Amino acid sequence: MIDWIERQRYIIDFTLSSLLRRKVKNFGLLALYTLIVFILASTMFFTYSIKKEASIILSESPEIIVQKLSAGRHDQFPLSQMETLKKIRGVAEVLPRLWGYYYEGGLGANYTLLVPPVTTNKNGIEETTDSITSVENKENAPDNPDKPLFQYNDTKLKPGTIIIGQGIARTRNSHVGDFMPFRAYDGSIVGFEIKGILSSESELVSSDLILISEQDFRSLFGIGNDFVTDVTVAVVNPHEVSTVASKIVNILPDSRPITREDILRTYESIFNWRGGMMIVIFSAAVLAFVIFAWDKASGLSAGERQEIGILKAIGWETSDVILMKFWEGAVISLTAFFSGAILAYIHVFFTGSLIFEPALKGWSVLYPHFVLTPFISVEQLATLFFITVIPYTVATIVPTWRAATIDPDSAMRHSGD
Amino acid sequence: MILHPTVIGNLVGSSITTGMVVYAATYGLQILKHWNIESGAELQLILERKTYLISTFLAFAFGMQLISLFLFVFTADRLTPLFVGAMCAAGTLNVNAFGYPTLLLKILNFVLAGLWLVLNYADNQGYDYPLIKWKYGLLVVIAPFILLESIMEFAYFIGMKPNVITSCCGSLFSSENATGLGSEIAGFPPEPMMVIFYLALLLTLLSGLYAYLTKKTTYLYAILSVIMFVIAIASIISFISLYIYEIPTHHCPFCLVTRDYSFIGYVLYPLLFGAVVSGMGVGILNPFIECESLRLILPKIIRKSTLISFSCYSLFGLIVTYEIVFSNLIMRG
């Protein structure tokens with residue numbers, strides 16, 4: 001075993017010195033190789049961590065959302081049907097939600113308007129909760145696991161006031177105390193006072209959010225008191241979610257229950273697809289690189305031919321030359337692979353993936369500013385290895401073998417001319 | 001078709017492997033037909049040169065085959081969230097008819113590729129290519145399986161449609177539902193299976209030790225190591241998984257590779273595969289012990305191979321015993 005390691009060591013030693021003798025050729029190859037790994041790794045790191053982020057956020061979202069359908073389209077949900085839902089066995093709580101979109105022509109942006117949900121406290125008095133839905137980000141607040149994702153604690157939402165997200169505040173350059181005008185459904189202009197701005201930690205979900213009181217919401221959009229946008233259903237036993245969902249469809253045939261798993265799966269699919277699409281597009285680049293590597297490896301210079309000729313003349317066997325070439329490939333591959341991956345890590349997690357952001361994240365005027373939580377796994381690195389290093393290695397095997405089986409005399413004879 | 005990066009990685013790897021193996025097998029056929037070490041003909045010289053290329057190709061392709069088995073299970077496990085009802089790789093593999101056949105072919109090819117590498121290693125030690133015809137004979141046998149595996153794998157990934165309701169591992173490997181191979185093995189009562197497992201392990205280890213020390217009964221060990229492999233897989237489904245999951249009804253062999261059980265599958269399965277490949281290697285090398293150019297080196301290789309197989313099984317046994325003893329699940333009064 002020791003002998004074996006020593007042998008490899010000497011060959012690696014020889015390989016490194018011979019690589020350094022041909023700096024320009026090898027650094028050119030290395031730079032290109034690193035670039036390829038970097039591009040693919042950036043794509044993968046980005047999609048994986050955004051998927052992770054989405055799943056962390058969604059893991060605390062309502063178990064079932066029930067929407068009413070009318071002619072196949074999402075319609076307002078009649079409050080009277082809430083009692084029917086509450087009677088289903090296994091349902092813990094049914095909460096109405098009021099939310100909608102508002103298009104601001106001046107900015108060309110869409111706002112999301114949400115009425116903070118109302119719960120009944122122990123004394124039977126209705127109060128507005130101070131955290132919106134139960135969206136919580138436990139990973140970011142390990143010291144306080146119950147910390148809601150966005151809070152507006154001290155500011156009570158009175159009619160006529162709103163609380164806005166960071167993205168809106170930034171784009172409109174708005175501050176607390178300013179008035180924000182809205183055009184109501186009947187054409188009249190209503191102004192609301194900005195009472196607060198949501199924390200920046202939650203920007204990924206609250207960038208374009210406006211919190212508004214129920215009364216204002218109904219008058220702004222002209223929604224009657226008997227209707228809400230949709231309802232959320234909490235289920236006692238998480239294993240029964242799908243059963244409850246199918247019961248809801250049976251009892252209210254014109255409704256559409258959406259479970260949390262459905263949403264998670266959809267996000268997973270979308271980002272897999274986006275990431276996979278990018279990789280398929282970049283595979284053309286990988287292919288070009290593989291051809292380049294093949295060419296580089298087969299175009300032996302006169303000096304290299306002579307070198308191999310001499311090595312074989314002094315007693316190296318064909319398998320030794322192949323071994324040397326193998327280490328040469330391994331040194332280049334691993335250097336490129338690791339530097340590419342490290343650069344991609346820096347690119348995605350420290351610079352916010354400047355290059356690919358628009359393609360992978362989607363696009364919007366009020367786009368949130370956020371820093372992704374660094375997340376990489378063995379799976380990503382293994383995949384990356386399979387789509388970069390392996391094609392490269394395969395491309396160099398045949399040229400390597402050609403070089404290694406040259407007859408020593410012919411190699412040395414041709415080198416003169 | 002799911003355009004998941006890891007799926008693309010799998011398909012790239014499998015196409016490359018297949019391409020190389022098929023290329024090598026066509027030369028393998030020529031070698032089988034025309035090889036004559038005594039001859040100085042041009043064809044013989046070309047073939048001698050090509051053997052270098054082919055063994056490099058195959059060492060690479062088969063090395064990749066070994067990794068790809070694990071990557072495949074890993075991928076199946078990762079795609080779980082895309083399918084309603086799938087809770088781990090067991091459910092994902094059941095998404096269409098090609099999942100399990102692909103897995104079985106991968107396991108078969110893993111063992112065959114391992115054997116080929118053992119044969120290749122031994123052949124390289126002799127100066128006159130002593131095992132060359134056997135080696136390429138085996139290659140010609142392996143190539144169709146590799147090709148088939150690749151076709152199956154493509155069919156599996158291309159035929160995948162997210163949201164198909166698949167049976168989750170809870171029902172597929174549960175003892176109540178007595179259909180399918182998985183359920184039948186899970187149906188083995190844990191206690192007799194445990195006795196069989198430990199008896200077989202003891203027998204295998206003893207015969208391995210005997211073979212290692214006396215250089216006799218190597219065939220017996222080779223056969224026992226194969227039987228042991230099958231028993232070990234059956235035991236994982238029947239009772240080892242129960243102790244690791246600490247749930248008396250959960251028999252799934254795939255959940256072992258998930259994070260929840262600290263990836264213990266990635267320790268157990270390679271040990272098992274290592275043990276069976278080196279154990280079978282002992283049996284496959286033994287007939288050539290009289291070969292002139294290998295007379296000195298082959299007994300050493302066989303001994304080493306026996307030792308590797310023996311150590312893998314011992315370590316497997318130790319880890320399993322540790323898991324059972326320190327498990328919070330107690331199956332007996």
Side-chain angles (χ1 to χ4, degrees), chain A residues 1 40-41 43-45 47-48 51 55 239 242 259 261-262 264-269 271-280 282-283 286 290 317-319 321-323 325-326 377-388 390-391 393-398 400-402 404-407, chain B residues 1-17 19-20 23-24 45-46 48-61 63-64 67-68 70-72 74-75 77-86 124 127 157 160-163 165 168 170 259 263 266 304:
Chain A
M1 194 66 189
L40 291 174
T43 315
M44 280 177 58
F45 291 168
T47 44
Y48 275 75
K51 243 164 41 182
S55 74
H239 291 292
S242 56
T259 64
E261 266 69 45
D262 286 337
L264 273 173
R265 197 160 39 243
T266 312
Y267 268 87
E268 179 92 18
S269 288
F271 285 112
N272 279 346
W273 184 81
R274 282 188 179 175
M277 222 38 213
M278 289 286 273
I279 286 179
V280 169
F282 286 134
S283 65
V286 174
V290 164
E317 282 177 33
T318 305
S319 56
V321 180
I322 291 181
L323 191 64
K325 286 279 173 187
F326 161 76
S377 67
V378 188
E379 178 200 5
Q380 298 172 41
L381 293 178
T383 308
L384 198 59
F385 193 82
F386 257 72
I387 48 189
T388 55
I390 287 186
T393 316
V394 173
T396 51
I397 288 181
V398 173
T400 297
W401 166 75
R402 285 234 177 87
T405 47
I406 316 175
D407 285 327
Chain B
M1 174 82 188
I2 292 175
L3 265 185
H4 192 284
T6 315
V7 171
I8 298 173
N10 262 296
L11 294 180
V12 166
S14 128
S15 329
I16 289 176
T17 314
M20 289 169 107
Y23 174 84
L45 282 179
I46 292 175
E48 273 179 39
R49 280 195 177 168
K50 281 276 179 192
T51 55
Y52 285 103
L53 177 64
I54 290 172
S55 38
T56 319
F57 257 9
L58 289 176
F60 183 80
M64 228 160 75
I67 309 172
S68 89
F70 289 94
L71 190 72
F72 181 70
F74 199 83
T75 312
D77 187 49
R78 279 310 158 104
L79 293 178
T80 312
L82 293 177
F83 301 99
V84 180
N124 285 343
Y127 54 83
F157 283 125
M160 262 186 175
K161 289 191 184 62
N163 289 331
I165 295 193
C168 88
R259 183 185 294 273
F263 301 113
Y266 287 116
K304 213 198 260 172

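Scope of the values below: all heavy atoms of this structure, side chains included, with no hydrogens, waters or symmetry mates. All figures in this text were calculated on a predicted structure; none of them were measured in a lab.
With sequence neighbours left out, A:R402 forms a salt bridge (Lys or Arg N to Asp or Glu O under 4.0 Å) with no residue at all. Partners of B:K50 according to the salt bridge (Lys or Arg N to Asp or Glu O under 4.0 Å) rule, which considers only residues two or more places apart in sequence or in another chain, do not exist here.
For the set B:N124, B:L71, B:L79, the count of heavy-atom pairs under 4.5 angstrom toward chain A peaks at B:L71. In terms of heavy-atom pairs under 4.5 Å with chain B, the best-connected choice from A:M44, A:E379, A:Q380 is A:E379.
For B:I16, the part lying under 4.5 angstrom from a heavy atom of chain A is the side chain only. Only the side chain of A:K51 has a heavy atom closer than 4.5 Å to any heavy atom of chain B. When heavy atoms are compared at a cutoff of 4.5 Å, A:M277 approaches chain B by way of both its backbone and its side chain. A:F326 does not touch chain B: none of its heavy atoms, backbone or side chain, sits under 4.5 Å away. Proximity to chain A (any heavy atom under 4.5 Å) is restricted, for B:F60, to the side chain, taken from C-beta onward.
The shortest heavy-atom contact between A:I279 and B:P5 is CD1-CB, 3.6 Å. Across every non-hydrogen atom of B:G9 and A:I387, the tightest pair is CA-CG2, 3.8 Å.
Screening A:T318, A:V398, A:T405 for a side-chain contact (heavy atoms from CB on, under 4.5 Å) involving B:L53 leaves a single residue, A:V398. B:Y52 pairs in a side-chain contact (heavy atoms from CB on, under 4.5 Å) with only one of the listed residues (A:V321, A:T400, A:I322), which is A:I322.
Within the model, atoms OG1 of A:T47 and NE2 of B:H4 stand 8.0 Å from one another, a figure rounded to the nearest 0.5 Å.
No side-chain heavy atom of B:T56 sits under 4.5 Å from any side-chain heavy atom of A:W401. For the pair A:F386 and B:T6, the minimum side-chain heavy-atom distance is 4.5 Å or more.
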For this session: Quick one: do B:V12 and A:I390 satisfy side chain to side chain contact (heavy atoms under 4.5 Å, CB included)? Show the steps, please.
Result: CA-CA 9 Å; B:V12 166; A:I390 287 186; 5.7 Å; no
